[in-house]
Amino acid sequence: MTKRIYFATDIHGSEVCWRKFLNAARFYQADTLILGGDVSGKAVVPVVARPGDGFLIRQFHGERVLSADETAQVETRIRDMGFYPYRTTDEELEEIWDDPEAVHAVFLKVMRETLTRWLDLAEQRLAGTGIPLYAMTGNDDPPELQGLLRDSPVLTETEEGLVDLGEGITMLSFGYSNPTPWHTPRELPDDEILRRVEKKAAAVERPERAVFNLHVPPARTAIDRAPALDGSLKPVVKGGAVVMESVGSEAVRRVLEEYQPMLGLHGHIHESRGAVRLGSTLAVNPGSEYGDGVLCGALLEIDGKRGVRHYQLPSG
């Protein structure tokens with residue numbers, strides 16, 4: 001029997017990408033949905049109340065005061081881009097905006113509210129379909145969000161252990177990344193990634209029938225290439241072209257080469273969409289264009305006799 005998996009990752013708070021992801025199973029006739037990490041958005045956008053029913057959203061409309069209807073439309077666009085609109089006042093902004101702890105508390109609040117609403121929507125969309133949903137947090141997601149996923153009745157949070165996908169297929173998941181220039185919430189040195197993932201991999205009875213869902217891609221491959229950055233975190237340009245470099249994990253590469261799972265699911269590097277072979281392992285990174293409201297995904301067919309077939313889908 002063939003298992004048909006739809007895999008996406010790095011939607012970074014984009015409302016429209018989440019909705020498309022939930023619809024993808026039916027559209028592509030997949031029997032399993034897997035979300036590979038980096039669920040949360042990157043910034044809060046203050047929506048500041050003005051006398052009457054108006055609001056000011058400086059990042060999008062400068063000093064022009066928007067009507068209630070205009071504000072709602074802009075808030076939808078903000079959510080689709082992966083940001084969090086936050087209705088506030090001048091007084092609150094003055095009180096908290098220079099206090100990193102207060103800002104972080106607001107950020108966590110809107111993240112939790114958004115993710116809770118997303119999970120409610122997933123419950124509505126997937127009810128009665130029999131389609132399982134698997135998800136984990138990535139390196140950009142604060143640890144506080146993992147509990148929300150773990151406690152949700154609509155999905156299985158995958159990072160804490162091995163998951164049986166059916167058809168004799170085991171999935172191992174790990175959402176941390178190797179160090180980045182941005183010092184994101186969930187980063188580890190490569191030797192610690194190796195130690196933790198190898199401990200999980202050693203418990204997999206049949207690696208050749210396993211899926212290793214590892215957020216960061218293997219180093220020195222076509223799916224881990226990102227722009228090289230200078231000291232100010234700006235892309236390095238030479239001869240009019242952006243210089244690209246390998247930023248994936250040597251630990252992940254070593255684990256894939258050693259255990260040879262049939263499939264590696266990766267993300268993290270948005271620019272490096274594609275698939276590569278490491279021995280008998282097919283490693284896939286669907287890429288990400290969440291900022292444009294575009295969902296990138298991969299369709300994987302796993303067959304006991306033919307192995308894994310990968311369909312790189314058009315962005316949508």
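Only heavy atoms go into these numbers, but all of them, side chains included; no hydrogens, no water, no symmetry mates. Everything numeric in this text was worked out from a predicted model, so none of it was measured.
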Could you list the residues that satisfy salt bridge (Lys or Arg N to Asp or Glu O under 4.0 Å) with [X], not counting sequence neighbours?
| X | result |
| --- | --- |
| K42 | D140 |
| E257 | R253 |
| R50 | D90 |
| R186 | E159 |

* To do: Report the residues that fulfil side chain to side chain contact (heavy atoms under 4.5 Å, CB included) with V16, sequence neighbours left out, ordered by chain and then residue number.
  => S14, K20, D80

* Is there a side-chain contact between Y84 and F107, using heavy atoms and a 4.5 Å cut-off? -> yes

* Any side-chain heavy-atom pair of I11 and S288 under 4.5 Å -> no

* To do: Scan for salt bridge (charged side-chain N to carboxylate O under 4.0 Å, His left out) pairs involving residues 265-278, sequence neighbours excluded, and state none if there are none.
  => none

* Structure fact -> In short, ring pair (Phe, Tyr, Trp, His ring centres under 6.0 Å) pairs touching residues 115-138 with sequence neighbours left out are W18-W118

* Structure fact -> Here the ring pair (Phe, Tyr, Trp, His ring centres under 6.0 Å) pairs for residues 277-298, sequence neighbours left out, are H12-Y290, H270-Y290

For the residue pair [X] and [Y], confirm or rule out a side-chain donor-acceptor distance under 3.5 Å.
| X | Y | answer |
| --- | --- | --- |
| D224 | S246 | yes |
| E301 | T2 | no |
| D69 | S67 | no |
| E187 | T184 | yes |
| Y86 | E92 | yes |
| E157 | Q146 | yes |

* **Greater than 12 external heavy atoms within 6.0 Å of R196's CZ** => yes

Calculate, to the nearest 0.5 Å, the distance between atoms [atom1] and [atom2] belonging to [X] and [Y] respectively.
| X | Y | atom1 | atom2 | answer |
| --- | --- | --- | --- | --- |
| I5 | T32 | CD1 | OG1 | 5.5 Å |
| L194 | S249 | CG | OG | 8.0 Å |
| T9 | H268 | OG1 | NE2 | 10.0 Å |

For [X], what are the other residues in its hydrophobic cluster, where any two members join if their side-chain heavy atoms are less than 4.5 angstrom apart?
| X | result |
| --- | --- |
| V276 | I223 |
| M81 | V45, V47, F55, I57, F60, L66, V74, I78, F83 |
| L229 | W182, L233 |

* **Check ion pair R209-E167 (N to O, under 4.0 angstrom)** => no

* Are R58 and E63 within salt-bridge range, i.e. N to O under 4.0 Å? -> yes

Would you mind writing out the side-chain donor-acceptor pairs for residues 210-218 within the sub-3.5 Å range, not counting sequence neighbours?
residue, atom, partner, partner atom, Å
N213, ND2, S173, OG, 3.2
H215, ND1, G36, O, 3.1
H215, NE2, D38, OD2, 3.2
H215, NE2, N139, OD1, 3.2

* Quick one: closest heavy-atom pair of G161 and K200, and the distance? => N-NZ, 4.4 Å

